[in-house]
Peer 1: 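Mind having a look at this structure? Questions to follow.
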Number of protein chains: 2
Amino acid sequence: MARAGLTPERLTRAGAELADEVGFEQVTVSELARRFDVKVASLYSHLRNSQELKTRITLLALEELADRAADALAGRAGKDALIALANVYRDYAREHPGRYAAAQFRLSPKDAAGSAGVRHAQMTRALLRGYDLTEPDQTHAVRLLGSVFHGYVSLEMGGGFSHSAPDTQETWTRILDALDALLHNWPAP
Amino acid sequence: MARAGLTPERLTRAGAELADEVGFEQVTVSELARRFDVKVASLYSHLRNSQELKTRITLLALEELADRAADALAGRAGKDALIALANVYRDYAREHPGRYAAAQFRLSPKDAAGSAGVRHAQMTRALLRGYDLTEPDQTHAVRLLGSVFHGYVSLEMGGGFSHSAPDTQETWTRILDALDALLHNWPAP
DNA sequence: GCGGTTTGCCTAAAGCTATTAGGCAGATGC
DNA sequence: GCATCTGCCTAATAGCTTTAGGCAAACCGC
């Protein structure tokens, strides 16, 4: 029997591509086996179970997102940086909807701790150094930005805005303007 | 054979309870049948398929949420109304995590048009009458509020904030303060 | 209250996914 | 060149989804 050269890494990458094509929820060990022209059981030498496959795809997506974010933030500050970071999430979700969905997958505390999720928080915090916020307000702002980015992108992807009128690009720009203004005028408690 | 008295409505309600217990993703026609002490195939006289079950649970959740929102907004305006509406979403998600997840389920355009989703947008728009925004800015603000509410609640539920320090109630309050301030000072294009 | 019809739940069966156990052959190491 | 190891295989179990066809309880008109 010719060997297919399976590895956890190749399976994860193929799984991520599959997710982008059919949706993260539809990623299945069986379909993956079909793509490698291999029997399902063979994958179980490389993956503990389908949960592990999903976890690996999630970790991959978080890494890719963090890498893109780091790239986008390099050499930028203030509103420039804000816009760049926001667009990283939005663009990634558009280019890789399945991976983006994977990035929202709930990880075990252990996996989460070792994930690139930490880098994301750090980068958002770094971005906020361009604004004048006290330490606790920085945390609130990190959470606000995370909420807006994630909330907007997932509503837009989910078609939540597709019924109403003005195009979403205009809204996106204006929301980022508004956030920039807000961070400059953050209200005292 | 004693009849179990199944109806689409009872199945939907039971499905919603099941979702809150085990998660929306884990809602299964088989488990529902078990709960009614009935064979799986019997449910197919009342539901076209498992997709329809999920759609019905989604529609139920959207209605419940809209009813709560309407209640909360009655007699309130301005920041008061903003806080009340925001808390409707957050509290609903805490009390009914499965139903809240269902409310995010992607509906067909046809189902979406007939859903309470429309009411949600209208209520957010009504709330914004307490602030002085031009017509197009109202739409942008509706989308911003939707993004923040949904984004915050889903990150909080997903444990996205559970690692960092200050408690989430404080952040939630401060974010609502910030949104109120922003709506009062919405930047011109 | 009785016969006929409708309706509700049942059995049976096929197809898909996940997962485990055990086997054989190609790759690897001395 | 031989022994070992590793990778993919076959086989089997179990759960979920969905369809087809059957029997009996409930309902309807008289």
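Residue numbers start from 1 in every chain, and the chains themselves are labelled A, B, ... in the order their sequence lines are given, proteins ahead of strands. Side chains are part of it too, since the values below use all heavy atoms of this structure and drop only hydrogens, waters and symmetry mates.
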Peer 1: Calculate the interatomic distance between B:F36 atom CZ and C:dC9 atom P; express it in whole Å.
Peer 2: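 Atom-to-atom, B:F36 to C:dC9, this comes out as 10 Å.
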Peer 1: Please determine whether a side-chain nitrogen of the Lys or Arg among A:E17 and A:R99 lies less than 4.0 Å from a carboxylate oxygen of the Asp or Glu.
Peer 2: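 Not counted as a salt bridge, because no side-chain N and carboxylate O are separated by less than 4.0 Å.
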Peer 1: Are A:Q138 and A:T134 close enough that a side-chain donor and a side-chain acceptor fall under 3.5 Å?
Peer 2: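 Per modelled atom types, A:Q138 and A:T134 side chains form no pair under 3.5 Å.
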Peer 1: Starting from P on C:dT19, measure out to CG on A:L32 and report it in whole angstrom.
Peer 2: 13 Å
Peer 1: Taking the six-membered ring for Trp, are B:Y152 and B:Y89 closer than 6.0 Å centroid to centroid?
Peer 2: no
Peer 1: Does some side-chain heavy atom of A:E21 sit less than 4.5 Å from a side-chain heavy atom of A:Q26?
Peer 2: no
Peer 1: Walk along nucleotides 16-23 of chain D from 5' to 3' and tag each nucleotide B, S or - by protein heavy-atom contact under 4.0 Å, base first, then sugar-phosphate.
Peer 2: SBBB----
Peer 1: Just N and O in the side chain of B:S42: are any of them under 4.0 Å from OP1 or OP2 of C:dC10?
Peer 2: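 It does, given that an N or O in the side chain of B:S42 lies less than 4.0 Å from OP1 or OP2 of C:dC10.
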Peer 1: Assert yes or no for the condition that the ring centre distance of A:H96 to A:Y100 is strictly below 6.0 Å.
Peer 2: no
Peer 1: B:E25 has an atom CD; how far is it from atom P of C:dA18, in whole Å?
Peer 2: 15 Å
Peer 1: Just how far, in rounded Å, is P of C:dT17 from CG of A:L47?
Peer 2: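 It works out to 16 Å between those atoms.
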Peer 1: Does any residue of residues 6-23 of chain B have a heavy atom under 4.0 Å from DNA chain C, and if so, which ones, in number order?
Peer 2: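 B:L6 - these, ordered by number, are the residues of the stretch whose heavy atoms sit under 4.0 Å from the strand.
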Peer 1: Clusters formed by hydrophobic residues whose side-chain heavy atoms approach within less than 4.5 Å: which one holds A:F24, and what are its other members?
Peer 2: A:L6, A:L11, A:L18, A:V22, A:V27, A:V29, A:L32, A:F36, A:V38, A:V40, A:L43, A:Y44, A:L47, A:L53, A:I57, A:L59, A:L62, A:F105, A:L107
Peer 1: Does the Lys NZ or Arg CZ of B:R143 fall within the cation-pi geometry relative to A:F161 - under 6.0 Å from the ring centre and within 45° of the axis?
Peer 2: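 Ring-cation test returns yes.
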Peer 1: Taking B:R174 for the side chain and A:P187 for the main chain, is one N or O donor matched with an acceptor at less than 3.5 Å?
Peer 2: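 The answer is yes, because a donor-acceptor pair under 3.5 Å joins these two groups.
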Peer 1: Closer than 4.0 Å, any side-chain N/O of A:H46 to the OP1 or OP2 of D:dC8?
Peer 2: yes
